[in-house]
Amino acid sequence: MTDYSKTVNLHESPFPMRGNLAKREPAWVKQWQDQKRYQKLRQIAQGRPKFILHDGPPYANGDIHIGHAVNKILKDIIIRSKTLAGFDAPYVPGWDCHGLPIEVMVEKLHGKDMPHSKFRELCREYATEQIARQKKDFIRLGVVGDWEKPYLTMDFKTEADTVRTLGEIYKAGYLYLGSKPVQFCLDCGSSLAEAEVEYKDKVSPAIDVKYLFNDNAALAKAFRLPEISGECFAVIWTTTPWTLPASQAISAGADIVYQLIDTPKGKLVLAKDLAEDALKRYELSGSVLAETTGAALENLKATHPFLDREIPILNGDHVTTDAGTGLVHTAPAHGLEDYVVSNKYGIKLYNPVNAQGCFISEVPRLAGMHVFKQGNDAIIEWLKENDRLLKHDKIEHSYAHCWRHKTPLIYRATSQWFIGMDKAGTNGTTLRNNALKAVDDTEFFPAWGRARLQAMIEGRPDWVVSRQRFWGTPMALFAHKETGELHPNSAELLEKVAQKIEQKGINAWFELDKSELLSPEDCEQYDKLPDTMDVWFDSGSTHYSVLKQRDELAHPADLYLEGSDQHRGWFQSSMLTGCATLGRAPYKQLLTHGFVVDQNGRKMSKSIGNVVAPQEVYNEFGADILRLWAANTDYSGELAISKEILKRVTEIYRRIRNTLSFLFANLKDFNPIEDAIPQADMVEIDRYALVLARQLQEKLAGEYYPRYAFHFAVQELVQFCSEDLGAFYLDILKDRLYTTKANSHARRSAQTALYHITRSLVLLMSPILCFTAEEAWELIGGGEEDSVLYHTWHEFPTMLAASETALLEKWTAIREARSAVSAAIEPLRVSKEVGSSLQAEVVLTAPENVFAALETLGDELKFVMLVSKIQLVQGDELSATVTSSQEQKCERCWHYVASVGSVAQHPTLCARCVENIDGNGENRIYA
């Protein structure tokens, strides 16, 4: 008995079915680092056109979370795909190192009682430790970059260049000292940037308060009445009773209609649209005496409900009839809109609240009280005593909170340094106008990012850039002791300070004796500013401190990529510093990704217990699974993750890996230099498969990767592996690969196609599945020292366009017929009338155009249809009739044919197999 299994070309795949990613990936990471692949790539890419993705720096505090992982993976996919596209795409990762969270951690670890220089030293040490932890995890994710030389906002040179950026903004005319209400955190003891504010529900006291009008005759005139008797009140509604000591005016809407209503508690002025609801709230009835507009009430005077203060009525655009009474108590120290309208009427700021959130000593009855802890209740009690409280409720509403402490903020007027949005710079244009033009000039992915950023730029207040902290880049300026004006030589002085910081870091400023830079006369008149800069200024100016300073980078960047919260954070701070210093945004494109949620759409929360840590994912599944999940998810919305979702992703991965395993098994004995068949001489279906593979590459490399549409790239990749390869081409190819002579033209043609397909496939998947791609590249590339990083997209053999079009049309028709045959065989398989499709004999009827395509295949049609016998008939419609073959089954190729046993030496084989074993081998032209 002959063992015919040894005559079949079945090879064990050198690419195992099981990836064992979690165990094997760390060794690959070490190998890549030992080989200094990033550094070698920089040499290879030298001279290519540059593509610069500038890294938005994560904050150097705490381990990375799943959002960090998504961000870095998306960036890495882009860097790798741009490298494959022929760009020099360096990636310099960065970290944001200054700011309050690190100060808080250092205070917890070491206490507060120490010299400031020592405190800054400990902050620097802590940030360095955090960076090392985060860097290790980012590298473990397969992210390629200059991890040996990242940028840090606490590097001396970067700190110096951040100061220089401030100098450029000063020279541009946008920096000014002002006293405005800003969002103030009582726990931070500092003003906050817009990006540091988050909104959460809070329960607040809601009160309706009566302000007594001073002059009934003037009020009567405003309402066009001959006279008014008795007490008359303007009624305001507020959810911040603690702001009443700073109340300096009442704002009315000029076009809003107001009614004078006679009630048992006096005559009340209320907006007509809100009067009915307000009276219900007060449990009062009343009669309307007259109506007038807010414009007629302008400049009338009232009396503060518990302080000896005259309160004028103003007209403000911010007044609405959405809720309340239509009259707004106005405290310019505690509200931006209040500040704007008061400024218009020349009303000066009065701020009775200190940085600890307590009333200052001059406020009667309230001095020393905390605004939230005692102030609200004490003021409500005072209003009751004065009979000025109409109603006291509690409401739950959205309220500004500190993003770090999660505690409620207050608006509080402080003397701060601002970058003015509507202040004309030295070039005559406002920063807001520059920024809005920059929005127009930027390309957004997804497109809705444009409207969002534009709305934020249109509505944003001036940027508060000063902070009252110790661990931060200093506002390295000298201000006049009396006037607050900056030194006339500030630009030159800033550069001198920057040079010192470049040598010694930010301590060079804090330890500087001003006599080193100022004359004795100036030393008498000017003081060093004690403030530090908003950390958003640090990261927002890295387009200057990093992009312009590192030779391998370029300015402006091609792309900034961050989460959707950065429209109000880094995207905006970068745009404003760029427009203020250079007149344009520091980026050409903005890409925004959403937040990660669980499978039910809920935010990740330790209290809910739905947190998925990236470390857990790569330790259980492997980093490539996490990368595939990130790429396969539409990042323009929320990204859902869970164990179940990751298991589904693993199935997608297995499909791709199994395809590669099959390809490598059948390339094991193929040498592309010695064995490849010229494209013109290849079997026709092999040429068709090459066209499909090249089309896939064109779609991914030419469309999806450049558009950052990674989930479409994954879908196309999986569809190609499953349908075009698995269910069609490879399914047909198995017979030729296994049963023809090992070195026959028929088999080498198939292997030539598989070689090109495999190289293309590995390169196409490499931006996403970087570990798996490198594992595969060792087998088809240049061995261990080679890398997919060192190559560009695969170059396919060329084909004439006309012949390619004809080939596609022909095989599209053939595939349609194949689907009809498969559908006709399936019922017989289910009923067990036939085993495999090879046991089927088919009569295939086809209309003229399909018939013509099928007829060209001749005897090879059966190989395409995976049947042992097929008869082709021309007819009106495509249909197939199937019967079970009565012939014997060939032991070697499993076809049911009459020639089985026709050669005595091989009684169990068909004539074709005998020819492939003992003869010259069969010839294949089409399939």
Side-chain angles (χ1 to χ4, degrees), residues 15-29 58 62-77 133-143 563-565 593-661 709-719 721-722 726 765-775:
F15 191 79
M17 291 275 201
R18 287 181 59 82
N20 252 340
L21 295 174
K23 290 183 179 177
R24 298 170 71 199
E25 285 174 347
W28 286 325
V29 167
D63 290 332
I64 71 165
H65 53 67
I66 198 73
H68 287 125
V70 167
N71 183 266
K72 281 290 191 285
I73 287 168
L74 292 178
K75 288 173 180 173
D76 192 55
I77 292 171
R133 289 170 67 112
Q134 292 186 4
K135 184 195 294 188
K136 185 179 176 185
D137 280 336
F138 288 142
I139 291 171
R140 175 64 185 84
L141 292 172
V143 179
S564 54
D565 57 332
H593 63 79
F595 293 108
V596 183
V597 295
D598 69 12
Q599 60 191 2
N600 299 313
R602 297 175 302 177
K603 286 182 180 179
M604 296 281 156
S605 166
K606 287 181 181 176
S607 59
I608 297 175
N610 64 347
V611 173
V612 176
Q615 298 84 352
E616 292 173 8
V617 177
Y618 64 61
N619 284 333
E620 181 177 349
F621 296 95
D624 258 2
I625 299 301
L626 189 59
R627 293 175 68 98
L628 183 57
W629 162 78
N632 191 45
T633 308
D634 182 358
Y635 59 73
S636 64
E638 293 177 333
L639 294 89
I641 193 170
S642 67
K643 280 282 181 74
E644 290 72 23
I645 290 169
L646 287 169
K647 284 173 183 174
R648 290 200 292 271
V649 172
T650 303
E651 289 305 311
I652 295 171
Y653 173 80
R654 196 168 287 135
R655 211 168 298 157
I656 296 170
R657 189 171 185 96
N658 288 350
T659 303
L660 287 174
S661 184
F710 309 129
H711 61 300
F712 289 144
V714 173
Q715 288 168 22
E716 288 287 343
L717 203 61
V718 173
Q719 191 276 338
C721 289
S722 301
M765 62 188 260
S766 68
I768 298 165
L769 298 170
C770 65
F771 290 98
T772 306
E774 291 290 0
E775 179 191 2

| said: Out of the candidates Asp624, Leu646, Val617, Val612, only one should pair with Trp629 under the side chain to side chain contact (heavy atoms under 4.5 Å, CB included) rule; please name it. | reply: Leu646
| task | Sorted by first residue and then second, give each salt bridge (Lys or Arg N to Asp or Glu O under 4.0 Å) pair with at least one member in residues 649-660; sequence neighbours left out. | result | Glu651-Arg654, Arg657-Glu775
| query | Looking at CG of Leu717 and CE of Met765, how far apart are the two atoms once the value is rounded to the nearest 0.5 Å? | reply | 7.5 Å
| request: Give the ring-plane orientation class for His68 versus Phe138, where under 30° counts as parallel, over 60° as perpendicular and anything between as tilted. | output: perpendicular
| query | Judged by modelled atom types alone, do Asp598 and Ser642 share a side-chain donor-acceptor pair under 3.5 Å? | reply | no
| Leu639 and Gly594: which non-hydrogen atoms are nearest, and at how many Å? | CD1-O, 3.4 Å
| remark: In short, salt bridge (Lys or Arg N to Asp or Glu O under 4.0 Å) pairs touching residues 632-647 with sequence neighbours left out are Glu620-Lys643
| request: Can you measure from NZ (Lys23) to CD (Glu25) and round to the nearest 0.5 angstrom? | output: 13.0 Å
| query | Do Pro58 and Lys72 come within less than 4.5 Å of each other through their side chains, counting heavy atoms only? | reply | yes
| task | For the residue pair His593 and Leu74, establish whether any side-chain heavy-atom pair is separated by less than 4.5 Å. | result | yes
| field | Ile652 CD1 to Cys721 SG distance, which is reported to the nearest 0.5 Å | value | 11.5 Å
| said: Can a side-chain donor-acceptor contact be found between Asp137 and Gln615 if the only test is distance below 3.5 angstrom? | reply: yes
| request: Would you indicate whether the side-chain heavy atoms of Tyr618 and Arg140 approach each other to under 4.5 Å? | output: yes
| task | Report yes if some heavy atom in the side chain of Leu626 is under 4.5 Å from a heavy atom in the side chain of Ile641; otherwise report no. | result | yes
| request: Check whether any side-chain N or O of Gln134 sits under 3.5 Å from a backbone N or O of Gly62 as a donor-acceptor pair, and report yes or no. | output: yes
| task | Check whether any side-chain heavy atom of Val597 lies under 4.5 Å from a side-chain heavy atom of Arg602, and answer yes or no. | result | no
| So, do Arg627 and Asp76 sit near enough that their side-chain heavy atoms are less than 4.5 Å apart? | yes
| Which heavy atom of Tyr653 sits nearest a heavy atom of Gly19, and at what distance? | OH-CA, 4.4 Å
| task | For the residue pair His65 and Val596, establish whether any side-chain heavy-atom pair is separated by less than 4.5 Å. | result | no
| Under the side chain to side chain contact (heavy atoms under 4.5 Å, CB included) criterion, do Asn658 and Met17 qualify, and how do the steps go? | CA-CA 6 Å; Asn658 288 350; Met17 291 275 201; 3.0 Å; yes
| query | Can you tell me how far the OG1 atom of Thr772 sits from the CD1 atom of Ile625, to the nearest 0.5 Å? | reply | 7.0 Å
| Can you tell me how far the CG atom of Leu141 sits from the CZ atom of Phe771, to the nearest 0.5 Å? | 7.5 Å
| query | Within the side chain of Asn610, is there an N or O that forms a donor-acceptor pair under 3.5 Å with the backbone of Ser605? | reply | yes
| query | Tell me, do Phe621 and Leu21 make a side-chain contact under 4.5 Å, heavy atoms counted? | reply | no
| note | Distance col, row Ser661:OG vs Ile656:CD1, nearest 0.5 angstrom, shows 13.5 Å
